[in-house]
Colleague: 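Handing you a structure now.
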2 protein chains.
Amino acid sequence: MDTAERLIRSTQELLWERGYVGTSPKAIQQHAQAGQGSMYHHFAGKSELALAAIRRNAEELRAEAESALSRPGTAHEKISAYLHRERAILRGCRIGGLAQDPDILASAELRQPVTETLDWLHARLTAVLAEGVTHGEFPADLDPATTATTISAVVQGGYVLARAAGSEAPFTQAVEGVEKLLLSKQL
Amino acid sequence: MDTAERLIRSTQELLWERGYVGTSPKAIQQHAQAGQGSMYHHFAGKSELALAAIRRNAEELRAEAESALSRPGTAHEKISAYLHRERAILRGCRIGGLAQDPDILASAELRQPVTETLDWLHARLTAVLAEGVTHGEFPADLDPATTATTISAVVQGGYVLARAAGSEAPFTQAVEGVEKLLLSKQL
DNA sequence: GTCTATAATTAGATAGAC
DNA sequence: GTCTATCTAATTATAGAC
C-alpha cells in the first residue's frame, strides 16, 4: 500500500474515532507511518486529507447499507437486514458522528459528503418503505419519507446512547423497539 | 453575576456548541470576560470547569424534560409534550452531543454525568409508558423500557440528522414518524 | 481575586536538502 | 517522494506581583 493510501486510511480511522477537531496531522502521520514532508507532499493540508477520508468513509458506508437494502426479500426483511447489519456500535457512525464536529459544520466542503450520504440513505430507506406500501406489506397511511427519517434517527441516536452508556445494549434495544412498532403496522 | 458563575455559564455554552475538545480555556475566558489568572483561581483547570458546566447542563436538561413529562394528562400527552418541547434543534443535545467527544468518553469523571442523565431520561420515559400500559392506553405487549430507548434514540438521532442537514426538518420529521408509529399502537 | 509574565507542548504548516 | 529544520500561533497551564 502506498503512502497516500496509508494516509487516507489512517485519517479515516482517526476521524471515525476522534472527529476532525480531535485529530491532528501529527497523529495521522504516526498512524500512517509517514513523515511530515510526505504528508504535505501528497495533500495540501489537514482539511484536504480529511475530505478524501470523509469521502472514502461515505463510500464504504453506502456500500454496506446498500448491501443490506438490496438483498432479496420483502421490504421488512430489507429494513431488518439494514438495522441488524454488522456494526462497530461503540465506534459510532463514521458519517453521522461528524455532524457533531464544529469545524466540519463550519466548512461547506467538509460538510457536503456528510449531508449527501445521509440524504442518500434517507432516499434508499424511503424507496424500500414505499415498495412495502405498494406491495400491501404496510398500510397505505404509512408515509415512507417520514418513517425513513425516523428509522435513520433511531440508528444515529442508538449510536449516541450506546457510546454514552459504554455499552452496545441501547443501540440494540432502540432498533428492537422501532422494529416492533413497525411490525405492528404490518397488515 | 460573579466570575465563577460567568465562567461556568460560558463553558456550558461552548461545550454545547463546540464540545470539549473544541473548547479552549482561552475561548472560555474571552466569552466570560475573565482573565487567565481569574479562571485558574476559581478552577483547577479545563476539566474541572468542564465538569461543573456539564453538571449544570445536565441539571437544566433534566428540569426541562421533567417539566414536559410531569404535565397533567395521558401518557401519550406527556410523551408528546416531551417530543415537541421547545428545543434549539440545530445546537444539538447539550448532553448527548458529548457522547461523541473522545476526551469526554476517555474520562470516567466527565462521562459520568452524561451517562447518568441519559439513564435518568430513560427511566422517566419508561415510567410514563408503563403508566400508559397500566391505564390501557397502550397494549400490554408494548415493552416500556424498549420503547423508551427507541424514543430517546429518535430524539438524539433527530439532532444528528438536523445538524448534518443544516435544517430542523429532519428532527421534526423523525419525531412525527415515531409518534405516528406509537399512535397506531393505541387502543 | 485579578493581572501579567513566562513556558513547555502541540498544531499546522513551509522551505529546502537529498 | 521523503526527510529535517524552521516557524508562527494556539493550548494549557504555572508563578508571582498587585
Side-chain angles (χ1 to χ4, degrees), chain A residues 1-56 97-98 100-111, chain B residues 1-56 97-98 100-111:
Chain A
M1 195 179 4
D2 68 9
T3 304
E5 182 64 19
R6 284 203 319 279
L7 284 163
I8 291 177
R9 294 198 190 180
S10 294
T11 308
Q12 283 183 265
E13 296 289 324
L14 291 168
L15 283 182
W16 194 347
E17 273 174 29
R18 305 191 43 86
Y20 183 81
V21 168
T23 299
S24 69
K26 190 180 178 185
I28 294 170
Q29 291 151 25
Q30 286 172 342
H31 192 281
Q33 307 213 71
Q36 297 252 47
S38 197
M39 179 187 132
Y40 283 101
H41 171 74
H42 292 287
F43 299 92
K46 178 181 170 179
S47 68
E48 192 180 296
L49 179 47
L51 183 57
I54 292 170
R55 285 186 174 146
R56 193 71 79 78
L98 299 175
Q100 192 56 35
D101 200 298
D103 287 8
I104 297 280
L105 293 191
S107 157
E109 209 177 20
L110 294 176
R111 179 189 194 143
Chain B
M1 195 176 7
D2 68 7
T3 305
E5 182 64 20
R6 285 204 316 281
L7 284 164
I8 292 177
R9 294 198 192 180
S10 294
T11 307
Q12 283 182 264
E13 295 290 323
L14 291 168
L15 282 182
W16 193 347
E17 273 174 30
R18 305 191 43 87
Y20 183 81
V21 169
T23 299
S24 69
K26 190 180 179 186
I28 294 170
Q29 291 151 25
Q30 286 173 342
H31 192 280
Q33 307 214 70
Q36 298 251 48
S38 197
M39 178 186 134
Y40 284 102
H41 170 74
H42 292 286
F43 299 93
K46 177 181 171 178
S47 69
E48 193 181 294
L49 178 48
L51 183 56
I54 293 170
R55 286 187 174 143
R56 193 72 78 78
L98 299 174
Q100 192 55 35
D101 201 296
D103 287 7
I104 297 281
L105 293 190
S107 156
E109 210 177 20
L110 294 177
R111 180 190 192 142

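Only heavy atoms go into these numbers, but all of them, side chains included; no hydrogens, no water, no symmetry mates. Every chain is numbered from 1, with letters handed out A, B, ... down the list of sequences.
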Colleague: Tell me: NZ of K26(B) to C1' of dT10(C), nearest whole Å?
Modeller: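 Checked: the NZ to C1' distance equals 15 Å.
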Colleague: Does T3(B) have a side-chain nitrogen or oxygen under 4.0 Å from the phosphate oxygens OP1 or OP2 of dT2(C)?
Modeller: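 Answer yes for this pair, as a side-chain N or O of T3(B) is under 4.0 Å from OP1 or OP2.
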Colleague: Using atom CD of Q29(B) as one end and atom P of dC3(C) as the other, report the distance to the nearest whole Å.
Modeller: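 From Q29(B) CD to dC3(C) P: 10 Å.
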Colleague: Is it the case that the side chain of R6(B) and the backbone of A32(B) share a donor-acceptor pair, with hydrogens and angles ignored and the cut-off at 3.5 Å?
Modeller: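 Confirmed, R6(B) side chain pairs with A32(B) backbone.
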Colleague: In whole Å, I'd like the distance from the CZ atom of F43(B) to the P atom of dA13(D).
Modeller: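 That distance rounds to 14 Å.
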Colleague: Take atom CD of E5(B) and atom C1' of dG1(C), then tell me their distance rounded to the nearest Å.
Modeller: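 That distance rounds to 17 Å.
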Colleague: Check the phosphate of dG12(C) against K46(A), side-chain N and O only, distance under 4.0 Å to OP1 or OP2. Yes or no?
Modeller: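 Yes, such a contact exists.
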Colleague: I54(B) vs I104(B), test: side chain to side chain contact (heavy atoms under 4.5 Å, CB included). Steps then yes/no.
Modeller: CA-CA 10 Å; I54(B) 293 170; I104(B) 297 281; 3.7 Å; yes
Colleague: Take atom CD of Q36(A) and atom C1' of dC7(D), then tell me their distance rounded to the nearest Å.
Modeller: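 Taking CD of Q36(A) and C1' of dC7(D), I get 12 Å after rounding.
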Colleague: Taking only residues two or more places apart in sequence or in another chain, which ones pass side-chain contact (heavy atoms from CB on, under 4.5 Å) with Q30(A)?
Modeller: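 Testing Q30(A) for side-chain contact (heavy atoms from CB on, under 4.5 Å), a comparison that skips the adjacent residues, returns K26(A).
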Colleague: At less than 4.0 Å, is any side-chain N or O atom of S24(B) found next to OP1 or OP2 of dT11(D)? Yes or no.
Modeller: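 Yes, such a contact exists.
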Colleague: Closest-nucleotide mapping onto DNA chain C: is G37(A) or A27(A) further toward the 5' terminus? I mean the 5' end.
Modeller: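 Looking at DNA chain C, the more 5' nearest nucleotide goes with A27(A).
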Colleague: Between R56(A) and E5(A), is a side chain to side chain contact (heavy atoms under 4.5 Å, CB included) present by the stated rule, with each step listed?
Modeller: CA-CA 11 Å; R56(A) 193 71 79 78; E5(A) 182 64 19; 3.0 Å; yes
Colleague: Is there a side-chain polar atom (N or O) of H42(B) under 4.0 Å from OP1 or OP2 of dT2(C)?
Modeller: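 H42(B) to dT2(C) OP1/OP2: side-chain N or O found under 4.0 Å.
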Colleague: Would you indicate whether the side-chain heavy atoms of D103(B) and R18(A) approach each other to under 4.5 Å?
Modeller: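 Side-chain contact under 4.5 Å: yes.
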Colleague: Just to be sure I understand the rule, does G35(A) reach a base, reach only the sugar-phosphate, or reach nothing, if contact means heavy atoms closer than 4.0 Å?
Modeller: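 Sugar-phosphate: the residue G35(A), judged by heavy atoms under 4.0 Å, touches backbone atoms but no base.
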Colleague: Would you kindly give the CE-to-P distance between M39(B) and dT11(D), to the nearest whole Å?
Modeller: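 Checked: the CE to P distance equals 12 Å.
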Colleague: Please state how far atom OH in Y40(B) lies from atom P in dA5(C), giving the value in whole angstrom units.
Modeller: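 In whole Å, dA5(C) P lies 18 Å from Y40(B) OH.
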Colleague: Could you state the atom-to-atom distance from CG of L14(A) to C1' of dG12(C) in whole Å?
Modeller: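 Rounding to the nearest Å, CG of L14(A) and C1' of dG12(C) are 16 Å apart.
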